[in-house]
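Both backbone and side-chain heavy atoms feed into the values below; hydrogens, waters and symmetry mates do not. Source: prediction; values computed, not measured.
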Amino acid sequence: MPELAEVEVTRRQLLPLLGLTVACAEKLSDKNLRLPLGKGDLGRLSGARLDAIDRRGKYLIWHFLGADGVPLEMVVHLGMSGKTLLDAADASPHDHLRWHWSQGATLTYRDVRRFGFVAVGDVGLGTEMTATMGPEPWDETWAAQVAAKAKKGSRSVKALLMDQSVAAGLGNIYVCEALFATGIHPETPAYKLKNKQIEALHEAVQGVLERAIAAGGSSIQDFKAAHGSPGYFQLELKVYGRAGEGCPACGEEIRAIKQQGRTTFFCARCQR
DNA sequence: TTTTTCACCTGCGCGC
DNA sequence: TGCGCGCAGGTGAAAA
Ligand SMILES: [Zn+2]
């Protein structure tokens, strides 16, 4: 579910945990997440103080000072249906992990489809896990880096932007929205893009993500951020999920096609 | 090598 | 009402 915007909203809602210490962390389910948690991984967090939560693409990187004085990191990826709940108001069979913090706060990791994961390791784990990731949306060299990758190969601009090693954090929703905003047909071979179009894509990506973050993310089905507050950006989506509706710019019927197994929504009149 | 397809997993909505 | 099918924010291994 979560793309960069939802992960960033989640990160900001977790910041009140900074400075707190983990009393204990426990598994609530027998089922493994995408990456199985190693034996003793959760135990390493006992007594650890949380000093920072960073985001890289769709990954959250938590920096702790361990009880033994050795720094450690926890990496969280929400997959398609992962959520973090502060002081969860209810319980679910899909609650997999829970952290109990000093001062009584609890954090729950809930993930119906279990495509997400939580990993614990030494300093550098987060950097390792995101080593091949492309530039962040607010990197001023984004367009240059994307243009360099666009020129190689034959893939469509949709496939290009969905590739995390090309541009960090984009997913199906915001790629569809950015392509609509720039009037670029999603099946356009990436090598045909003019530099000016890639610069326009950069602007569009930044704009759509900034507005989505300000709105609390997009709740397509049941996305709730850390406090359980829904995101309202789905109300502002121009094409994603709107097949059959009229294009907000020209009225043409919005179409849905399949690319790389994912549905792409676009306006065939506005996007060429 | 690059690109596409498939598998991972659960729940929901739709058509019959 | 019930069942089968297709679909969903992502990723990476396997296949092409
Ligand atoms: Zn249009």
Separation of dA13(C) atom P from L35(A) atom CG, nearest Å, is 10 Å
Given dT1(B), is OP1 or OP2 found less than 4.0 Å from the side-chain N or O atoms of K152(A)?
-> no
Nearest-Å distance for atom pair CD/P, residues Q259(A) and dT5(B) | 11 Å
dC9(B) and dA14(C): how far apart are their P atoms, nearest whole angstrom?
-> 15 Å
Atom P, compared across dT1(B) and dT11(C): separation rounded to whole Å | 23 Å
Salt bridge (charged side-chain N to carboxylate O under 4.0 Å, His left out) partner of D95(A), chosen from K27(A), K83(A), R110(A) | R110(A)
In whole angstroms, how far is the C1' atom of dG12(C) from the CE atom of M133(A)?
-> 12 Å
On the 0 to 90° scale, with breaks at 30° and 60°, tag the H96(A)-H94(A) ring pair as parallel, tilted or perpendicular.
-> tilted
Options dT10(B), dA8(C), dG10(C), nucleotide nearest the side-chain atoms of T263(A) | dA8(C)
Below 4.0 Å: OP1/OP2 of dC8(B) and any side-chain N or O of R34(A) | no
Measure from the side-chain heavy atoms of K31(A) and tell me the nearest of dT10(B), dT4(B), dG10(C).
-> dT10(B)
Measure from the side-chain heavy atoms of K258(A) and tell me the nearest of dG10(C), dT2(B), dA8(C).
-> dA8(C)
Is there a donor on the side chain of R113(A) or the base of dA8(C) sitting less than 3.5 Å from an acceptor on the other?
-> yes
Residues T264(A), Q259(A); criterion side chain to side chain donor-acceptor pair (under 3.5 Å); working and verdict | CA-CA 7 Å; T264(A) 300; Q259(A) 291 181 283; 2.7 Å; yes
Identify whether any heavy atom of G171(A) sits under 4.0 Å from a base atom; if not, whether one sits that close to sugar-phosphate; answer base, sugar-phosphate or nothing.
-> sugar-phosphate
Do the side-chain N and O atoms of W142(A) and E199(A) include a donor-acceptor pair separated by under 3.5 angstrom?
-> no
Atom CD of Q164(A) to atom P of dT11(C): distance rounded to whole Å?
-> 4 Å
According to the Watson-Crick and G-U wobble definitions, with both distances under 3.5 Å, which nucleotide is paired to dT1(C)?
-> none
Side-chain contact check for V112(A): nearest option of dG12(C), dT10(B), dT4(B) is dT10(B)
Once you round to the nearest 0.5 Å, how far does NZ of K238(A) lie from SG of C270(A)?
-> 11.5 Å
Which nucleotide sits closest to the side chain of R114(A): dA8(C), dT10(B), dT11(C)?
-> dT10(B)
Take E6(A) and Y174(A) through the test side chain to side chain donor-acceptor pair (under 3.5 Å) and record every step on the way to the result.
-> CA-CA 11 Å; E6(A) 290 72 34; Y174(A) 300 117; 2.6 Å; yes
Atom CD of E187(A) and atom P of dT4(B) are separated, to the nearest Å, by 11 Å
Are the ring of F115(A) and the six-membered base ring of dC9(B) within the stacking cut-offs of under 5.5 Å and under 30°?
-> no
Who is the Watson-Crick or G-U wobble partner of dA16(C), with both distances under 3.5 Å?
-> dT2(B)
If only side-chain N and O atoms of S81(A) are considered, is one of them under 4.0 Å from the OP1 or OP2 phosphate oxygen of dG11(B)?
-> no
Counting any heavy atom closer than 4.0 Å, what does R262(A) reach on the DNA or RNA strands: base, sugar-phosphate only, or nothing?
-> base
Counting heavy atoms from C-beta on, name the nucleotide in dT5(B), dT11(C), dG11(B) closest to the side chain of Q260(A).
-> dT5(B)
Just to confirm, is there a sub-4.0 Å distance from OP1 or OP2 of dC9(B) to any side-chain nitrogen or oxygen of H94(A)?
-> no
For the pair D122(A) (side chain) and L72(A) (backbone), establish whether a donor and an acceptor sit closer than 3.5 Å, ignoring hydrogens and angles.
-> no
Rounded off to whole Å, could you give me the CG-to-P distance for the N172(A) and dT11(C) pair?
-> 11 Å
Could you work out which one of dT11(C), dT5(B), dA8(C) sits closest to the side chain of M80(A)?
-> dA8(C)
note: E6(A), atom CD; dA8(C), atom P; distance rounded to Å ~ 16 Å
d(CG, N32(A); P, dA7(B)) in whole Å | 21 Å
